[in-house]
Structures are given as structure tokens and as C-alpha cells.
Amino acid sequence: MRILVSGATATVRRLADQYREYLGVLMTPQNGNRLCSLPLPWAADNAAFSKPDDAKFSRLCVESWAMDRYHPPLWVAVPDVVGDHAATLRLFGWWCNEWRAEYGYIPFPLAFVLQDGCRPSEVPWDEIAAVFVGGSTRFKLRESESLVQTAKHRGKLVHVGRVNTLRRLRFAHDLGADTVDGTAFSMFPDTYTERAVKYLQRLEQSPTLF
């Protein structure tokens with residue numbers, strides 16, 4: 001499992017020498033870093049939870065497309081509506097139609113953001129490369145497991161958002177996540193990121209760790 005960090009480039013670069021297999025980069029419409037600034041796996045979020053901006057997200061998508069030949073993203077998270085699966089599904093369809101109308105196809109792998117009320121039969125599996133476990137805390141911790149299991153069975157990547165503690169990191173690991181992110185790693189990288197990657201390393205080397 002990897003921790004995808006938004007920003008904090010100097011810290012991630014320093015830690016990547018020793019913990020390369022546990023780190024990656026999360027681009028957002030607001031962070032402004034160059035997409036290829038670190039030679040690590042990366043993905044693009046839409047920032048719907050914090051500060052959605054369709055124009056900036058569209059620019060990020062164009063930049064992600066430009067990276068396709070030499071450093072493509074793991075996925076691009078399609079804009080969503082926090083806590084509302086039905087609205088998220090409609091928004092997903094709208095963006096897919098826009099990309100097809102503009103480019104003739106969808107030029108990057110997509111992540112569908114799982115929200116409260118989502119059921120496995122309602123996920124657009126054929127359109128996506130990954131699922132992003134969003135939604136309320138209750139949904140994430142108590143209701144997402146069947147969706148994640150279905151995603152893994154279908155060969156999709158699984159990302160869990162808002163992972164800011166070691167307890168939540170253990171939860172995501174046990175859930176079967178491929179990647180996670182959390183604002184703590186971006187806002188306080190020197191305090192939290194190295195501690196988290198060391199914990200993740202121990203966890204994967206000794207799965208029974210408390």
C-alpha cells in the first residue's frame with residue numbers, strides 16, 4: 001500500500017530514497033506542483049471534499065493527459081458530491097460525456113468516488129480503473145467493505161481518502177486498499193509522513209502487528 005501525498009515535495013523526495021514502495025503523489029487542482037516533479041506513482045484528485053473548482057480540475061485533466069506516454073496517472077478521480085451517491089453518479093456521467101465530446105474518448109484512467117448509498121451494482125465498473133472510498137465516516141468505516149471487495153474482485157485499484165491516523169492507516173490496509181491519502185501528510189509532513197510510512201512498512205512486514 002502507498003501513501004499518496006499532496007505537496008510536501010521536499011519531504012517526499014527525502015523519504016522516497018528509503019521508502020519508495022510506500023509513497024506516491026496526489027495531485028489536486030489547487031496544489032500547483034509540476035506533475036513530473038517526483039518519479040513516483042501518482043494520481044489526481046478533484047478536491048470535491050475541500051474546495052471544488054471545475055476550471056482548475058479541467059486544467060489538471062489536460063496536464064494528466066499530456067503525461068500519458070511517459071508518466072501516466074494511476075487514476076483521475078471524477079468530481080463527486082460528498083455523501084450523495086445518486087448525485088455523484090449523475091456527475092460522473094456528465095464528465096464522461098464531456099470528455100468524449102471533446103476528445104472522442106476518455107484519455108486517462110478514471111476513479112469513481114464511492115459515496116453514501118452506493119451499492120456494488122450501481123458502480124460504473126466498465127468505465128473505471130479504480131474506486132475512491134469517500135463518503136461519511138460511517139460509510140467509510142462500516143459500509144464500504146462490500147464495494148471494496150467487489151472492486152478487488154474486478155481487478156480495480158482501491159483508494160481510501162481521509163486517512164490521517166495510524167488507526168485509520170491500519171483500517172485501510174486491512175480493507176485491501178492500494179493507496180491512501182490524508183491532509184495530515186500534506187500539512188504536517190515532517191511530523192506525520194515518516195512515522196506513517198515506517199508504521200506501514202512494519203505492518204506489511206508483520207501483518208499481525210497489534
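Bear in mind the structure is a predicted one, so any value in this text is a computation, not a measurement.
Looking at every heavy atom in both residues, Glu127 comes nearest to Arg100 through OE1-NH2, 2.6 Å. Nearest heavy-atom pair, Val163 versus Phe185, reported as atom, atom and distance to 0.1 Å: O-CE1, 3.0 Å. Across all their heavy atoms, Pro120 and Trp125 have their closest contact at O-NE1, 2.8 Å. Contact detail for Gln205 and Tyr22: the closest heavy-atom pair is NE2-OH, 4.4 Å. Between His71 and Trp42, the closest heavy-atom pair is O-NE1, 2.8 Å.
Asp116 places a side-chain N or O within 3.5 Å of a backbone atom of Ser136 that can act as its donor or acceptor partner. At distances below 3.5 Å, not a single donor-acceptor pair connects side-chain atoms of Thr179 with backbone N or O atoms of Arg2.
When the salt bridge (charged side-chain N to carboxylate O under 4.0 Å, His left out) test is applied to Arg13, no partner is found at least two apart in sequence or on another chain.
Here the side chains of Ile3 and Leu169 are in contact, with some heavy-atom distance below 4.5 Å. Asp181 is not listed as a side-chain neighbour of Ser6, based on a closest heavy-atom distance of 4.5 Å or more. Annotation: side chain of Leu200 is in contact with side chain of Met1 (closest heavy-atom distance under 4.5 Å). Annotation: side chain of Glu63 is not in contact with side chain of Met27 (no heavy-atom distance under 4.5 Å). Residues Gln201 and Val197 form no side-chain contact, since every pair of their non-hydrogen atoms from C-beta on lies 4.5 Å or further apart.
Screening Asn97, Asp80, Ile128 for a side-chain contact (heavy atoms from CB on, under 4.5 Å) with Phe92, the sole residue that qualifies is Ile128.
Using cut-offs of 30° and 60° on the angle between ring planes, the pair Phe112 and His85 is perpendicular. Between Phe188 and Tyr192, the two ring planes are perpendicular [angle over 60°; tilted spans 30° to 60°]. Between Phe132 and His159, the angle of the ring planes lies from 30° to 60°, which puts this pair in the tilted group.
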Check your understanding: Between Thr28 and Asp45, does a side-chain hydrogen bond (donor to acceptor under 3.5 Å, both in side chains) hold up when you go through it step by step?
Key -> CA-CA 5 Å; Thr28 71; Asp45 194 7; over 6 Å; no

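The neighbour count for Glu122 CD, taken as heavy atoms of other residues, nucleotides or ligands under 6.0 Å away, is above 12.
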